[in-house]
Amino acid sequence: ASSQVTELVLDNCRSSNGEIEGLNDSFKELQFLSMANVELTSLAKLPTLSKLRKLELSDNVISGGLEVLAERCPNLTYLNLSGNKIKDLGTVEALQNLKNLKSLDLFNCEITNLEDYRDSIFELLQQITYLDGFDQEDNEAPDSEDDDDEGDEDDDDDENEAGPPGEYEEEDDEDDGASDLGEGEEEEEVGLSYLMKEEIQDEEDDDDYVEGGDEEEEAEGVRGEKRKREPEDEGEEEED
C-alpha cells in the first residue's frame, strides 16, 4: 500500500532518534511529505524519495545536515524549513545540489536576521525563484497556478458586479477628488453651505407641495373657468 501513496502528512507526530517510525524507502511514489512540528533534530534517517516534490519541515529543531536532501530527494521543488535552528549561509549552501528547487522558506529561522539575508540566499541558490514566499522583485508566490487563475477571475467578477450601480459612486468620487485637491478650506465650506442650501430648498419645496397643493389646484380650476367664460363673453359681445 505504501508504494502507491503520493501525499503523506505526519504533522505533530512524535519522532524518535530523528526518524518517524514507518516512514521508509517503500514510499516510492511519494510527491508531498509534511512533517511539521515532529521534534525532528536531523534528516539523517530520511528515506530515499526520488519522486518527492514538496517537503514541509517547519517548526522542528533541524540545525544542519541539509546535504541529505539532495542525495535522497533530488527532485524537490518546494522546501519549507521555517521555524528551525538554521543560523548561517554555510548550512543553506548544501541546498545548491537541489537543482529543481524553486521555492525555499526559512522564516522564523535565525538566518533571516543576517544583513542582506535575501540577496545572499538568492546569490547562493541561483536555482530558486521564491524565498519565504516572495521572489527577488517582491512578487508573491502563487499558491498554485489553478488557484491563482480562479482568484483573478473572482476579482474581475467583483469589479463587474460593482460596475453598473457605479454611477452614484463616480459622482461621489468626483466630490472626494475636489476636496482631496486641498485648494483650501473655503472649497469645503462652500460645499457644505451648498449642501445645506439644497437641503433647505428641498424642505421648502416639500412644504409648498403639501400646503399649497390644494390652493394651486383651486387656482387652476378658477383659471379654467375664466378661460371657459371668456369665449362666451366675446361671443356675446360680437352678437351685440
Between Asp105 and Ser58, is the side-chain contact (heavy atoms from CB on, under 4.5 Å) condition met? List the steps. CA-CA 9 Å; Asp105 283 338; Ser58 56; over 6 Å; no
In terms of side-chain heavy atoms, does Ser34 have a donor or acceptor partner in Asp11 at a distance below 3.5 Å? yes
Measure from the side-chain N and O atoms of Gln96 to the backbone N and O of Leu124, and report whether any donor-acceptor pair falls under 3.5 Å. yes
What's the shortest heavy-atom distance between Leu46 and Cys73, and which atoms? CD2-SG, 3.6 Å
With rounding to the nearest 0.5 angstrom, report the CD1 to CD1 distance, Ile128 to Ile121. 7.0 Å
Please answer whether the main-chain N or O of Glu39 pairs with a side-chain N or O of Ser15 as donor and acceptor at a distance below 3.5 Å. yes
Taking all atoms of both residues into account, what is the closest heavy-atom pair of Ser2 and Ser26, and its distance? OG-OG, 2.8 Å
Is Val9 linked to Leu40 within one hydrophobic cluster, defined over Ile, Leu, Val, Met, Phe, Trp and Tyr using a side-chain heavy-atom separation of less than 4.5 Å? no
Does the Asn100 side chain pair with the main chain of Leu76, one donor and one acceptor, at a distance under 3.5 Å? no
Looking only at heavy atoms, which two atoms of Phe122 and Phe134 are closest? And how far apart? CZ-O, 3.8 Å
For Tyr130 and Asp135, which heavy atoms make the closest approach, and how far apart are they? CD2-N, 3.5 Å
Under 3.5 Å donor-acceptor, Asn75 side chain and Lys51 backbone: no
If I take atom CG from residue Leu79 and atom CG from residue Leu95, how far apart are they, to the nearest 0.5 angstrom? 6.0 Å
Is there a path from Tyr78 to Leu101 through hydrophobic residues (I, L, V, M, F, W, Y) whose side chains come within less than 4.5 Å of each other? no
Are more than 12 heavy atoms from other residues, nucleotides or ligands located less than 6.0 Å from atom NZ of Lys102? yes
Is there a path from Leu81 to Ile20 through hydrophobic residues (I, L, V, M, F, W, Y) whose side chains come within less than 4.5 Å of each other? yes
Rounded to the nearest 0.5 Å, the CG atom of Asp59 sits from the CG atom of Asn80 at a distance of 8.5 Å
Asn108 side chain vs Ser82 backbone, donor-acceptor pair below 3.5 Å: no
Can you tell me how far the CD atom of Glu67 sits from the CZ atom of Arg72, to the nearest 0.5 Å? 9.5 Å
For the pair Leu33 and Phe27, evaluate side-chain contact (heavy atoms from CB on, under 4.5 Å) and give the outcome as yes or no after the intermediate values. CA-CA 10 Å; Leu33 172 61; Phe27 288 88; over 6 Å; no
Whether the side chain of Arg118 engages the backbone of Thr112 through a donor-acceptor N/O pair (distance < 3.5 Å, no angle test) should be reported. no
Can you confirm whether more than 12 heavy atoms, excluding those of Lys85, are under 6.0 Å from its NZ atom? no
Spacing of Met35 atom CE and Leu23 atom CG [to the nearest 0.5 Å]: 6.0 Å
Side chain of Asp116, backbone of Ser120: donor and acceptor closer than 3.5 Å? no
Measure across Gly64 and Thr91 and return the closest heavy-atom pair with its distance rounded to 0.1 Å. CA-CG2, 3.7 Å
Quick check against the 3.5 Å criterion: does Asp25 have a side-chain atom that pairs as donor or acceptor with the backbone of Thr48? yes
One pair to check against side-chain contact (heavy atoms from CB on, under 4.5 Å): Leu125 and Leu131. What are the steps and the verdict? CA-CA 10 Å; Leu125 305 176; Leu131 176 59; over 6 Å; no
Check whether the side chains of Asn12 and Asn37 place a donor and an acceptor atom closer than 3.5 Å, and report yes or no. yes
All heavy atoms of Leu10 vs all of Val38, minimum pair found to be O-CG1, 3.3 Å
Please determine whether residues Ile86 and Leu55 belong to a single hydrophobic cluster, defined as Ile, Leu, Val, Met, Phe, Trp and Tyr linked transitively by side-chain heavy-atom distances below 4.5 Å. yes
Under a single-linkage definition using a 4.5 Å side-chain heavy-atom cutoff for Ile, Leu, Val, Met, Phe, Trp and Tyr, are Leu8 and Leu52 assigned to the same hydrophobic cluster? yes
With a 3.5 Å distance limit and no angle check, can you tell me whether Gln126 reaches the backbone of Glu123 through a side-chain donor-acceptor pair? yes
Spatial distance of atom CG (Asn84) from atom CD1 (Ile111) [nearest 0.5 Å]: 11.5 Å
